[in-house]
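Below is one structure; the comments refer to it alone.
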Amino acid sequence: MSNNPQKLSPTFLLQPEIVDIENKKVIVISVPSSSQVHHTSGRIYDRSADGDFELKTDTAISALYLRKSQQYSENQIYPYVRLEHLKSDTIEKAKNLIRNTNSTHPWLTLSEMDFFKQANLFHQDYMTGQKGFTLAALMLFGKTDVIQSVLPYYRIDAVVRIEDTDRYDDRLTLYGNIIDDYEALMEFLAKHLPDNFYQEGDQRISLRDKIFREIVANMLVHREYQNAIPTILEITKEGIIAKNANKPLKAGPVTLANYTRYPKNPHMANFFVQIGRAEHLGSGIRNIYKYTPVYTGKQPKIDDEDVYTVLIPLPLGFTKRLENTIIQKDIQKKLIDRGIRLTENQLKVVIAISENSSITKEEISFNYNIAISSLNTAISSLKKKGIIERKGGRKYGEWMLVLS
């Protein structure tokens, strides 16, 4: 029931463990203190050693939120995690990124353990005496099997649903540490989204990277890791949607006017700043609102709820390119059905005409890098095969595909 949102919201997946004690099987369910306020069947309870007490007044509920706001799930200590449970190549990668950002960074001269202590990734709890690597250390550097053992519900789903909306056109599922997964998500976005030319002053910048480095970093470092809801990055006809489990500060839309700086996992967020993969708190939101209208022609939408949601409209020209891709696939299917095999240049001519029936030979030659002599040969062959026709004169005529 802990993973049933109608019973417990936000959900909190609890893992039973079977322990042998005096020749008997004991089922142990550890219920740690959560950094979130949870509703149980629509009610809020305060758990203590003396029992569970329902909170009915606004004052009592506000006090609970205040107390919870001081807890960060990233600080949970795992005393049995050792250095060998962390990926050494990811640690070295992080140090190189820090070095590239600041070659004199004081963390670079530290021993391995002091490095983690200075980054606030190795703690001692002075109330319980426990000490060890924290959840933040695991999520930044952990090996995949260790992370899955600690957080069996954790995963990131990156999906493209443009043509096949029932399933997906492309999918990437990740279960590992967020330093490595950040790179995989940025590569996934680069594979599917255009990077339109944009110049700011005398410098060419990547609008795609400016926007999505902030969104991807936010998904990873500000996620509420005690919540079982998966992190989702989805490219659809409606836009690019990013969702992650969240501990909201002020529920509702986030704008530049009402934005409040509030790190959900401050140590993870600070580490991403040190390796140059995130801006200081607040700068990222400003970049999203600054560059999204340039990239898409529309404003982004950001909602700070139990599930933090960002919607970025599709980039300018993306819909047209999508339509062209669908047309091209339809053309290729019709050619295959008719048993027609085309050369590379012939296929380029067919695609060019499908996108623009008024295109000139000179434009085809330039846009598709085909010499005029080779282009004339390709066009002549396509006419003979009955695939294309020319209607009208050279100046005002149009090309026609004959594939029906």
Side-chain angles (χ1 to χ4, degrees), residues 156-163 165 168-170 182 185-201 203-224 229-264 269 272-273 277-325:
I156 301 170
D157 282 330
V159 183
V160 178
R161 286 194 177 96
I162 298 288
E163 296 179 51
T165 55
Y168 52 82
D169 306 326
D170 194 10
Y182 172 92
L185 288 169
M186 292 301 290
E187 289 173 3
F188 185 83
L189 289 165
K191 176 182 176 182
H192 294 286
L193 296 178
D195 194 13
N196 302 335
F197 179 82
Y198 181 72
Q199 190 165 325
E200 195 169 62
Q203 186 176 5
R204 199 259 193 203
I205 66 171
S206 168
L207 290 173
R208 183 187 62 210
D209 290 353
K210 277 285 187 181
I211 296 167
F212 288 103
R213 73 189 294 269
E214 308 302 341
I215 292 173
V216 171
N218 182 78
M219 285 170 53
L220 300 176
V221 303
H222 295 302
R223 185 195 197 281
E224 177 47 63
I229 295 172
T231 298
I232 294 173
L233 182 64
E234 191 173 17
I235 301 174
T236 71
K237 292 180 180 179
E238 286 70 44
I240 303 99
I241 304 166
K243 295 181 179 180
N244 59 274
N246 181 44
K247 184 171 71 173
L249 176 64
K250 296 178 181 178
V254 177
T255 66
L256 288 176
N258 69 6
Y259 175 70
T260 302
R261 298 180 181 184
Y262 174 61
K264 311 296 173 59
F272 258 54
V273 171
R277 288 189 170 169
E279 302 285 347
H280 286 285
L281 206 57
S283 301
I285 291 291
R286 287 195 293 272
N287 280 342
I288 292 172
Y289 273 100
K290 176 181 178 181
Y291 293 111
T292 298
V294 183
Y295 187 56
T296 70
K298 299 178 182 178
Q299 290 288 345
K301 293 181 180 179
I302 304 175
D303 286 308
D304 190 9
E305 303 284 352
D306 287 335
V307 175
Y308 192 92
T309 305
V310 181
L311 171 62
I312 303 295
L314 288 175
L316 292 169
F318 184 86
T319 304
K320 181 63 178 174
R321 279 190 291 272
L322 172 62
E323 291 172 353
N324 290 339
T325 300

On a heavy-atom basis, the closest approach of P300 and P313 is CA-CD, 4.4 Å

Closest heavy-atom pair, G201 versus Q199, reported as atoms and distance to 0.1 Å, is O-NE2, 3.2 Å

Rounded to the nearest 0.5 Å, the CZ atom of F212 sits from the CG atom of N287 at a distance of 13.0 Å

Applying side chain to side chain contact (heavy atoms under 4.5 Å, CB included), run through L189 and I215 and close with a yes or a no. CA-CA 11 Å; L189 289 165; I215 292 173; over 6 Å; no

Taken to the nearest 0.5 Å, the spacing of E234 CD from I240 CD1 works out to 11.0 Å

Output for pair (L314 CG, T236 OG1), nearest 0.5 Å, gives 6.5 Å

| task | Taking only Lys NZ, Arg NE, NH1 and NH2, and the carboxylate oxygens of Asp or Glu, determine whether E200 and K210 approach each other closer than 4.0 Å. | result | no

Contacts of Y308 meeting side chain to side chain donor-acceptor pair (under 3.5 Å) (sequence neighbours excluded), chain-then-number -> none

Subject >> Pair Y295-L193, side chain to side chain contact (heavy atoms under 4.5 Å, CB included): steps then yes or no >> reply: CA-CA 11 Å; Y295 187 56; L193 296 178; 3.7 Å; yes

d(D195 CG, I205 CD1) to nearest 0.5 Å is 9.5 Å

* Please test I288 against N218 for side chain to side chain contact (heavy atoms under 4.5 Å, CB included), starting from the C-alpha separation and ending with a verdict. => CA-CA 11 Å; I288 292 172; N218 182 78; over 6 Å; no

Do side-chain atoms of D304 reach the backbone of V254 as a donor and acceptor pair under 3.5 angstrom?
-> no

Minimal heavy-atom distance between I232 and M219, with the atoms involved, is O-CE, 4.0 Å

Residues passing the salt bridge (Lys or Arg N to Asp or Glu O under 4.0 Å) test with K301, sequence neighbours excluded, are none

Min side-chain heavy-atom separation R277-V221 under 4.5 Å:
no

Those residues at least two apart in sequence (or on a different chain) that pass side chain to side chain contact (heavy atoms under 4.5 Å, CB included) with V307 are I229, K243, T309

Between the CD atom in E224 and the OG1 atom in T231, the distance rounded to the nearest 0.5 Å is 11.0 Å

Practice problem: Start with the C-alpha gap between I156 and L233, add the side-chain angles, then the distance that decides, and say whether side chain to side chain contact (heavy atoms under 4.5 Å, CB included) holds. | Solution: CA-CA 8 Å; I156 301 170; L233 182 64; 5.6 Å; no

dist Y289:OH -> E214:CD (nearest 0.5 Å) comes out at 13.5 Å

Which of L207, I312, T296 passes side chain to side chain contact (heavy atoms under 4.5 Å, CB included) with Y291? Answer is L207

When every non-hydrogen atom of A217 is compared with those of Y182, the smallest separation belongs to N-CE1, 4.2 Å

Which of R223, K264, E305 passes side chain to side chain donor-acceptor pair (under 3.5 Å) with N246? Answer is K264

